[in-house]
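The structure appears right after this line, and notes come after that.
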Amino acid sequence: MKVGLTYDLRSRYLSMGYSREETAEFDKEDTIFGIENALLSLGFETERIGNIDDLVHYLSKGNRCDIVFNFSEGMHGFAREAQVPALLDAYRIPYTFSDPMVLSLTLHKGMTKRVIQTMGFQTPEFAVINRTDEIADVKIPYPLFVKPVAEGTSKGIGKASIVNSFEELRCSCLSLLLKYKQPVLVEKFLSGREFTIGVLGTGKDARVAGVMEIIHLKNSKVNIYSYYKKENYLEYIDYKILTDDLAIKGSEMALNIYTQLGCRDGGRVDFRLDENGVINFLEINPLAGLNPIHSDLPIMWRKQGLEYEQLISAIIMSAVKRCKDKGKKQTLIDVEEPLAVENER
Ligand SMILES: Nc1ncnc2c1ncn2[C@@H]1O[C@H](COP(=O)(O)OP(=O)(O)O)[C@@H](O)[C@H]1O
Ligand SMILES: [Mg+2]
């Protein structure tokens with residue numbers, strides 16, 4: 001089976017003139033190499049395709065593969081993560097991970113929180129600031145937390161994210177609006193423990209892959225998992241696998257959120273406790289980082305004594321199973337046999 005790889009190689013964007021920060025979410029060669037190697041050792045044939053531009057050329061030249069292992073984050077717009085999957089859907093080529101609808105929704109943390117709330121899950125009270133004049137309308141009590149609405153890898157998250165007054169809120173919102181040219185999410189600041197939960201599989205086959213607490217070491221000035229700390233995690237962060245009651249409660253919540261949103265093959269859900277110890281949803285990552293060494297999901301996996309290759313195997317086998325179930329055609333829902341029979345009556 002030939003597996004095409006779609007990804008955004010960071011060095012390529014850097015050589016095109018994009019900054020280190022603009023490309024922070026993109027993958028280094030060792031991530032692509034790691035995934036490729038794991039797939040080869042699992043017996044798949046692989047072909048590197050590249051980013052959306054490469055995919056357009058690849059398809060227009062008539063090239064095809066059996067399935068795509070997609071981990072392209074994309075560069076432009078709220079649908080950036082959805083662009084490669086949308087193109088693959090149009091060409092009826094199966095691929096790993098979630099569909100364009102899920103990827104567009106979850107990239108926008110504000111919209112995702114609205115959906116999560118209607119599903120009945122706890123998430124911090126929030127406001128989305130689109131324009132500077134909306135800052136004065138925020139009525140949530142301080143301290144607050146501000147972040148760009150559609151970034152990952154903690155881009156735009158640092159000390160100035162925690163705000164304690166209207167002046168600080170105004171200042172942080174203005175600088176994020178200017179720098180990231182997208183709305184700002186303002187949330188109640190959660191001061192409690194933080195953990196992330198890995199999920200693998202799809203629908204009724206979805207299962208928790210691990211629960212990992214992000215412990216901020218004593219040398220941390222503020223307890224936020226910032227871009228700087230993610231880059232320097234050996235110095236600032238301790239990761240701990242949890243199996244206690246909190247892990248059990250969080251796992252149920254993560255699995256429900258993941259399946260109800262319709263995520264596929266694998267992902268990660270981030271949570272934090274509020275001052276009363278209540279679990280709050282922060283965000284979901286249906287394209288979780290897969291660097292074999294530095295990304296949270298592989299770290300969590302490794303900490304449980306599991307091999308990286310097994311993680312990639314679980315992801316690709318979930319996608320292969322979905323395609324087999326549907327005779328390679330991607331359908332919009334998992335149609336169960338009894339329903340089909342019911343409809344015929
Ligand atoms: N409302 C909040 N209260 C406290 N800390 C937060 C809040 N939102 C985010 N954080 C901190 O910022 C980090 C990154 O935020 P997150 O929304 O997960 O963005 P990213 O997509 O960049 O990972 C979190 O892991 C957490 O440490
Ligand atoms: Mg996160």
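Note that the coordinates shown come from a computational prediction; the quantities given were computed from them, not determined experimentally. Just the heavy atoms: all of them, side chains too, but no hydrogens, waters or symmetry mates, feed the values below. In listed order, ligands and their atoms are each counted from 1.
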Check your understanding: How far is atom 19 (O) of ligand 1 from its nearest protein heavy atom, and which residue and atom name does that atom have?
Key -> K109 NZ, 2.9 Å
Point to revise | Carboxylate-amine/guanidinium proximity below 4.0 Å for E151 and R80 | key: yes
Study note, to complete from the structure: One finds that the ligand 1 atoms under 4.0 Å from a non-hydrogen atom of E151 are 21 (O)
Check your understanding: Starting from atom 15 (O) of ligand 1, which protein heavy atom do you reach first, and at what distance in Å?
Key -> I157 CD1, 3.4 Å
Practice item. Could you check atom 13 (C) of ligand 1 against the protein and tell me its nearest heavy-atom contact, residue, atom and distance included? Key: Y225 O, 3.6 Å
**Study point:** Taking atom 4 (C) of ligand 1 as the reference point, the nearest protein heavy atom with its distance
**Key:** L190 O, 3.2 Å
Practice item. Distance to 0.1 Å, residue and atom name: give those for the protein heavy atom nearest to atom 24 (C) of ligand 1. Key: E194 OE2, 3.2 Å
Check your understanding: How far apart are the closest heavy atoms of A24 and T153, and which atoms are they?
Key -> O-CG2, 4.0 Å
**Study point:** Ligand-side contact atoms (ligand 1) for residue partner T153, heavy atom cut-off under 4.0 Å
**Key:** 22 (O)
Exercise for review: Grab the two heavy atoms, one from Y308 and one from N291, that are nearest each other, plus how far apart they are.
Suggested key: CE1-C, 4.5 Å
Study note, to complete from the structure: Of T6, N70, D89, D265, the one forming a side-chain hydrogen bond (donor to acceptor under 3.5 Å, both in side chains) with Y95 is D89
Point to revise | Contact atoms of ligand 1, heavy-atom distance to E187 under 4.0 Å | key: 1 (N), 2 (C), 7 (C), 8 (N)
Review point. Between D8 and E73, what is the shortest heavy-atom contact and its length?
Key: OD2-N, 2.9 Å
Check your understanding: Side chains of Y180 and E21: is there a donor and an acceptor less than 3.5 Å apart?
Key -> yes
Exercise for review: Using a strict cut-off of 4.0 Å, indicate which atoms of ligand 1 neighbour a heavy atom of D270.
Suggested key: 18 (O)
Exercise for review: Give the residue, atom name and distance (to 0.1 Å) of the protein heavy atom nearest atom 18 (O) of ligand 1.
Suggested key: E283 OE2, 2.9 Å
Exercise for review: Rounded to the nearest 10 degrees, what's the angle OD2 of D270 makes with OE2 of E283 at the Mg ion (ligand 2)? Could you check?
Suggested key: 80°
Practice item. Tell me yes or no: between the side chains of S161 and K147, is some donor less than 3.5 Å from an acceptor? Key: no
Check your understanding: Non-hydrogen atoms of K230 versus ligand 1: any pair closer than 4.0 Å?
Key -> yes
Revision key, fill the gap. Atom 12 (O) of ligand 1 has as its nearest protein heavy atom F145 CZ, 3.6 Å
Revision key, fill the gap. When distances are taken from atom 22 (O) of ligand 1, the protein heavy atom at minimum range is S154 N, 2.5 Å
Review point. Distance only, no hydrogens: is a donor on one side chain within 3.5 Å (strictly under) of an acceptor on the other, for E22 and S19?
Key: yes
Check your understanding: Is K188 in polar range of ligand 1, meaning some N or O pair under 3.5 Å apart?
Key -> yes
Check your understanding: Which of the atoms of ligand 1 are close to K147, meaning less than 4.0 Å from one of its heavy atoms?
Key -> 8 (N), 9 (C), 16 (P), 17 (O)
Check your understanding: Should the pair K230 and Y225 be classed as cation-pi, given the thresholds of under 6.0 Å to the six-membered ring centre and 45° from the axis?
Key -> yes
Exercise for review: Give a yes or no answer on whether the side chain of S226 reaches the backbone of I157 with a donor-acceptor pair at less than 3.5 Å.
Suggested key: no
